[in-house]
Participant: 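Structure below; questions to follow.
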There are 2 protein chains.
Amino acid sequence: MLSKKTKYGLKALAYVAKHKGEDPVQIGAIAKSENISQKFLESIMLTLRKAGFLGSKKGKGGGYYLRRQPEDIKMVEVMRILEGPVSLVPCVSLNFYERCDDCPDETTCSVHSLMVQLRDSNLSVLNKNTLADLIKE
Amino acid sequence: MLSKKTKYGLKALAYVAKHKGEDPVQIGAIAKSENISQKFLESIMLTLRKAGFLGSKKGKGGGYYLRRQPEDIKMVEVMRILEGPVSLVPCVSLNFYERCDDCPDETTCSVHSLMVQLRDSNLSVLNKNTLADLIKE
DNA sequence: TATAATCCTACTATTCCGATAGGATTTAAA
DNA sequence: TTTAAATCCTATCGGAATAGTAGGATTATA
């Protein structure tokens with residue numbers, strides 16, 4: 001299951017993208033519109049800003065805005081920042097590789113091939129969807 | 001990430017499938033071979049038996065055996081028993097549907113379409129892989 | 001100077017995961 | 001008939017992660 005952090009983060013990004021070109025968007029407005037705890041959302045927005053998706057302006061009239069074009073923000077990037085690895089086991093992860101503590105040998109592991117297939121099918125979806133796709137229609 | 005429960009359960013099923021036709025397989029043997037805590041594995045085997053994948057024989061010389069052909073046990077079934085929903089959000093789950101507590105309206109939810117795509121791509125992999133595929137080569 | 005916003009750190013409550021404990025039950029073999 | 005070997009079952013527990021909260025520091029506008 002997706003963490004609330006990721007779900008809220010995606011919705012917030014979509015909200016900001018929808019208001020592209022306008023004044024910066026406030027956390028309060030997003031929280032209200034998407035039914036998210038404002039304090040919780042604060043920390044998520046911070047993560048998204050530090051990751052380079054969002055920029056911010058402090059003080060009165062401040063808020064958040066997109067730093068990149070929606071078409072250029074792939075879902076796979078956002079997922080890796082918010083949710084972590086795309087893979088279901090660390091030993092098939094491309095960006096977060098780790099050995100599995102069980103498994104003496106990856107090549108004879110019975111679940112290895114299945115895990116690779118799941119990783120690749122998820123990657124294909126996450127690579128072709130961008131933030132722009134989230135705000136269509 | 002996949003829970004250890006699921007990972008261990010898959011490995012255990014593969015182990016039992018590999019020894020199909022022989023005497024029942026003991027938990028101890030699986031635990032040792034796959035580096036799994038025996039007590040933890042006990043509870044997982046119980047789950048798999050109650051779900052109908054495995055049969056058991058008690059007492060000396062007892063153990064576990066497959067109740068269905070490996071080619072007939074789809075990974076999607078096993079995952080649903082051990083890991084739960086295939087979907088990342090309950091509101092797109094086919095077998096565990098629930099409304100999302102946020103989201104006043106699923107049709108306007110910005111992440112809905114992405115979640116459906118991820119669900120379907122995972123389903124396609126999990127539907128075409130069976131236990132027989134886990135023990136190939 | 002007052003107000004509105006983000007920024008930042010720390011804390012907390014709850015849930016889930018992985019594992020363990022301790023026996024009850026059943027069966028086969030000595 | 002006894003003993004050993006196996007599953008069965010329920011309860012519990014520590015630790016980690018998740019979701020959220022608190023409280024103020026900082027910055028910018030009007």
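Just so we're on the same page: letters track the sequence lines, and every chain starts at 1.
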Participant: Does a nitrogen or oxygen in the side chain of A:Tyr64 sit under 4.0 Å from OP1 or OP2 of C:dC7?
Facilitator: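 For C:dC7, OP1/OP2 do have a side-chain N/O of A:Tyr64 under 4.0 Å.
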Participant: Is the backbone N or O of B:Ser43 less than 3.5 Å from a side-chain atom of B:Thr47, with the two atoms forming a donor-acceptor pair by type?
Facilitator: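 Present.
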Participant: Just call it for B:Lys50: base, sugar-phosphate, or nothing, with non-hydrogen atoms closer than 4.0 Å on any strand.
Facilitator: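 Since only primed, P, OP1 and OP2 atoms lie under 4.0 Å of B:Lys50, the category is sugar-phosphate.
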Participant: Is the side chain of A:Ser3 donor-acceptor paired with the backbone N or O of A:Thr6 at a distance under 3.5 Å, no angle test?
Facilitator: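 Judged by distance alone, yes, a pair lies under 3.5 Å.
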Participant: In this structure, how many angstroms lie between the C1' atom of D:dG20 and the CG atom of B:Asp101, rounded?
Facilitator: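 Taking CG of B:Asp101 and C1' of D:dG20, I get 13 Å after rounding.
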Participant: Whole angstroms only, please: what is the NZ-C1' distance between A:Lys4 and D:dT21?
Facilitator: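 The answer, rounded to whole Å, is 17 Å.
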Participant: Would you mind listing every salt bridge (charged side-chain N to carboxylate O under 4.0 Å, His left out) that reaches into residues 37-51 of chain B, with sequence neighbours excluded?
Facilitator: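 Pairs touching residues 37-51 of chain B that pass the test: B:Lys39-B:Glu42.
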Participant: So which of residues 77-93 of chain A are in contact with DNA chain D, with a heavy-atom cut-off of under 4.0 Å?
Facilitator: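 Residues of residues 77-93 of chain A that come under 4.0 Å of DNA chain D do not exist, since none gets that close.
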Participant: Between A:Gln69 and A:Lys20, do the side chains contain an N or O donor and an N or O acceptor separated by less than 3.5 Å?
Facilitator: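 A:Lys20 and A:Gln69 do have a side-chain donor-acceptor pair below 3.5 Å.
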Participant: Mind checking the NZ-CD1 spacing from B:Lys7 to B:Ile44? Nearest 0.5 Å is all I need.
Facilitator: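 With rounding to 0.5 Å, NZ (B:Lys7) is 12.0 Å from CD1 (B:Ile44).
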Participant: Sequence neighbours left out, what passes salt bridge (charged side-chain N to carboxylate O under 4.0 Å, His left out) with B:Glu34? Give chain and number order.
Facilitator: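 B:Glu34 satisfies salt bridge (charged side-chain N to carboxylate O under 4.0 Å, His left out) with no other residue.
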Participant: Under 4.0 Å between a side-chain nitrogen and a carboxylate oxygen: does that hold for A:Lys74 and A:Asp133?
Facilitator: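 Salt bridge flag = no for A:Asp133 with A:Lys74.
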Participant: Just the atom pairs and distances: protein N or O near nucleotides 24-28 of chain C's N or O, under 3.5 Å.
Facilitator:
unit_1: C:dT27; atom_1: O2; unit_2: B:Lys60; atom_2: N; d: 3.3

Participant: Can you sort out the partners of A:Ser113 under side-chain contact (heavy atoms from CB on, under 4.5 Å), two or more places apart, ordered by chain and number?
Facilitator: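 With neighbours one apart ignored, the set is A:Gln117.
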Participant: Give the rounded distance in Å between these two atoms: CG of B:Leu46 and C1' of D:dC8.
Facilitator: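 One finds 6 Å between C1' of D:dC8 and CG of B:Leu46, rounded.
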Participant: Pull out every residue in residues 20-43 of chain B that has a heavy atom closer than 4.0 Å to any atom of DNA chain C, ordered by number, or say none.
Facilitator: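 DNA chain C contact set from residues 20-43 of chain B: B:Ser37, B:Lys39, B:Phe40.
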Participant: Hey, is the main chain of B:Val92 close enough, under 3.5 Å, to the side chain of B:Arg119 for a donor-acceptor pair?
Facilitator: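 Checked: pair present.
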Participant: How about A:Asn122 and B:Leu118: do any of their side-chain heavy atoms sit closer than 4.5 Å?
Facilitator: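 Yes, at least one pair of side-chain atoms sits under 4.5 Å.
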Participant: Are B:Leu82 and B:Leu94 connected, step by step, through hydrophobic side chains (Ile, Leu, Val, Met, Phe, Trp, Tyr) whose heavy atoms are closer than 4.5 Å?
Facilitator: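 Same hydrophobic cluster.
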Participant: Is B:Arg49 close enough to D:dT7 that one of its side-chain N or O atoms is under 4.0 Å from OP1 or OP2 there?
Facilitator: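 No, because none of the side-chain N or O atoms of B:Arg49 sits under 4.0 Å from OP1 or OP2 of D:dT7.
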Participant: Among the nucleotides C:dT6, D:dC8, C:dG18, which one has an atom lying closest to any side-chain atom of A:Ser56?
Facilitator: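 Side chain of A:Ser56 sits closest to C:dT6.
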Participant: Within this structure, what is the CD1-to-C1' distance between B:Ile44 and D:dC8, rounded to whole angstrom?
Facilitator: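 In whole Å, D:dC8 C1' lies 15 Å from B:Ile44 CD1.
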